[in-house]
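Heads up, the thing below is written out as structure tokens.
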Amino acid sequence: METPTHRHLLFYKPYGVLTQFTDESGTGRPTLKDHIPVPSVFAAGRLDADSEGLLLLTSDGALQHRLTDPRFEHPRTYWAQVEGTPTEAALAELRQGVVIQGRKTRPARVRMLDAEPALPPRDPPIRFRRLIPTAWIELILTEGRNRQVRRMTAAAGLPTLRLVRVGIGSLTIDGLAPGEWRDLTDGELKSLNSAGQGSGDGRKKAPAQPPAAQRPEERSAVRRGPVAPGRFRRGQ
């Protein structure tokens, strides 16, 4: 019997797009189907409609399970624009874990970004308030609870205004624009599969920071779905 050939995709989810292929509410919100014309792939993990960034889709159910089961502690890297100026005490609180929904979060790697990251503009944009400062922080988590980053920063007195996932394990958003997707390279898939083996004992550590961008020749072709380049749609 031949081994089935699976597809594994990286997608830069724009703001407002649901992490599913149908809008079960029937309100006509944009979904993955509006961007990805590939059958039989499913998201490995979720990203809220009001969040942006890297999403991995696969037709391999075993890989999807390893990436979503919290026992395997796959690190996910987020950049969050927060309201206020983070103090070292607030950052330390986030690193140690905060109580959300009655349970304490796992320890996380958290640091201030030196400058605002070079990200595409969001539509609609973040509401600017002249008298209230904002800052960008990076969080590397090994669990994926419901709206976890937003709940964590709120608990530390730093409400999240914009949230972008920039890394999943060794995979990064480099080279993709909102609405674009591409297949994983053989090397990326091998690295992803290796990271998923034997890491369910709780001892696997998150990397200190996302890996550097790949050389262009190491990436597979970037594709854009039916949404026209540069177009963003308003979310919920």
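What you see is a predicted model; the values in this text were computed from it and never measured. The figures that follow rest on heavy atoms only: side chains count, while hydrogens, waters and symmetry mates do not. One-based numbering along the sequence shown.
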When you compare the side chain of Trp79 with that of Leu113, does any pair of heavy atoms fall below 4.5 Å? yes
Does any N or O in the side chain of Thr160 come within less than 3.5 Å of the main-chain N or O of Leu163, such that one atom is a donor and the other an acceptor? no
Distance-only polar pair, side chains of Asn193 and Arg66, donor-acceptor under 3.5 Å: yes
Closer than 4.0 angstrom, basic N to acidic O: yes or no for Arg109 and Glu138? no
Between CG of Leu139 and CD of Gln148, what distance do you get to the nearest 0.5 Å? 9.0 Å
When every non-hydrogen atom of Thr142 is compared with those of Pro75, the smallest separation belongs to CG2-CA, 4.2 Å
Minimum heavy-atom separation for Pro14 and Gly179, please, with both atom names. CG-N, 3.5 Å
With side chain to side chain contact (heavy atoms under 4.5 Å, CB included) as the criterion, how do Arg7 and Leu184 come out once you've worked through the C-alpha distance, each side chain's angles and the decisive distance to 0.1 Å? CA-CA 8 Å; Arg7 293 288 297 273; Leu184 264 64; over 6 Å; no
Are Phe11 and His35 side-chain neighbours, meaning at least one heavy-atom pair lies under 4.5 Å? yes
How long is the straight-line distance from CG of Leu18 back to CG of Leu32, given to the nearest 0.5 Å? 8.0 Å
Could you grab the distance from atom CG of Asp60 to atom CG of Leu57, nearest 0.5 Å is fine? 13.0 Å
Do Phe21 and Pro39 have side chains that get closer than 4.5 Å, going by heavy atoms? no
Backbone N or O of Gly187 within a donor-acceptor pair of the Ser191 side chain at under 3.5 Å? no
Answer yes if Phe42 and Leu171 sit in the same cluster of Ile, Leu, Val, Met, Phe, Trp and Tyr residues linked by side chain heavy atoms under 4.5 Å apart, and no otherwise. no
Would you check if Pro159 and Arg150 make a side-chain contact, meaning some heavy-atom pair closer than 4.5 Å? no
Is any side-chain heavy atom of Leu63 closer than 4.5 Å to one of His6? no
Taking all non-hydrogen atoms of both residues into account, name the closest pair between His8 and Thr58 and its distance. ND1-OG1, 2.8 Å
Report yes or no: does Arg182 contribute a side-chain atom to a donor-acceptor pair with the main-chain N or O of Glu180 at less than 3.5 Å? no
Could you see if Tyr12 belongs to whatever hydrophobic cluster contains Val222? Use Ile, Leu, Val, Met, Phe, Trp, Tyr and a side-chain cutoff under 4.5 Å. yes
Among Lys13, Arg122, Arg162, the one residue meeting side chain to side chain donor-acceptor pair (under 3.5 Å) with Glu52: Arg162
Does the side chain of Ser40 come under 3.5 Å of the side chain of Ser59 through a donor N or O and an acceptor N or O? no
Donor-acceptor contact below 3.5 Å, side chain Thr172 vs main chain Gly167: no
For a quick test of reading the model, state the closest non-hydrogen atom pair linking Arg224 to Ala177 and the distance between them. NH2-CB, 3.9 Å
Does the side chain to side chain contact (heavy atoms under 4.5 Å, CB included) test come out yes or no for Arg46 and Gln20, once each step is laid out? CA-CA 9 Å; Arg46 299 189 63 82; Gln20 54 201 52; 3.2 Å; yes
How about CD on Glu24, more than 12 heavy atoms from neighbouring residues, nucleotides or ligands closer than 6.0 Å, or not? no
Any donor-acceptor N/O pair, Arg95 side chain to Val110 backbone, under 3.5 Å: yes
Please determine whether a side-chain nitrogen of the Lys or Arg among Glu83 and Arg127 lies less than 4.0 Å from a carboxylate oxygen of the Asp or Glu. no
Gap separating the CD atom of Glu188 from the OG atom of Ser170, nearest 0.5 angstrom: 7.0 Å
Any side-chain heavy-atom pair of Val38 and Val41 under 4.5 Å: yes
I need the Leu192 CG to Thr185 OG1 distance, nearest 0.5 Å. 10.5 Å
Quick check: closest heavy atoms across Ala43 and Thr19, and the distance to 0.1 Å? CB-CG2, 3.7 Å
Side-chain heavy atoms nearer than 4.5 Å, only ILVMFWY residues, links allowed to pass through others: does that put Val99 and Leu141 together? no
Are the side chains of Leu94 and Ile137 in touch, meaning some heavy atoms are under 4.5 Å apart? yes
Compute whether any side-chain donor of one residue and acceptor of the other, for Thr105 and Arg151, lie under 3.5 angstrom apart. no
Closest approach of Arg165 and Leu47, non-hydrogen atoms and distance? CZ-CD1, 3.8 Å
Can we say Arg223 and Asp183 salt-bridge, meaning some charged N sits less than 4.0 Å from an Asp/Glu carboxylate O? yes
Where do Leu161 and Trp136 land on the side chain to side chain contact (heavy atoms under 4.5 Å, CB included) test, with the steps shown first? CA-CA 10 Å; Leu161 302 174; Trp136 284 86; over 6 Å; no
Would you say Asp23 and Ser25 are linked by a side-chain donor-acceptor pair, where the criterion is simply a distance under 3.5 Å? yes
Using side-chain heavy atoms (C-beta onward) and a distance below 4.5 Å, is Leu10 in contact with Leu54? yes
Hydrophobic cluster membership, with links at side-chain heavy-atom distances under 4.5 Å among I/L/V/M/F/W/Y: are Ile126 and Val164 in one? no
Derivation and outcome, side chain to side chain contact (heavy atoms under 4.5 Å, CB included), residues Lys104 and Val98: CA-CA 5 Å; Lys104 190 173 183 179; Val98 296; over 6 Å; no
For the OH atom of Tyr15 and the CG atom of Asp50, what is their distance to the nearest 0.5 Å? 5.5 Å
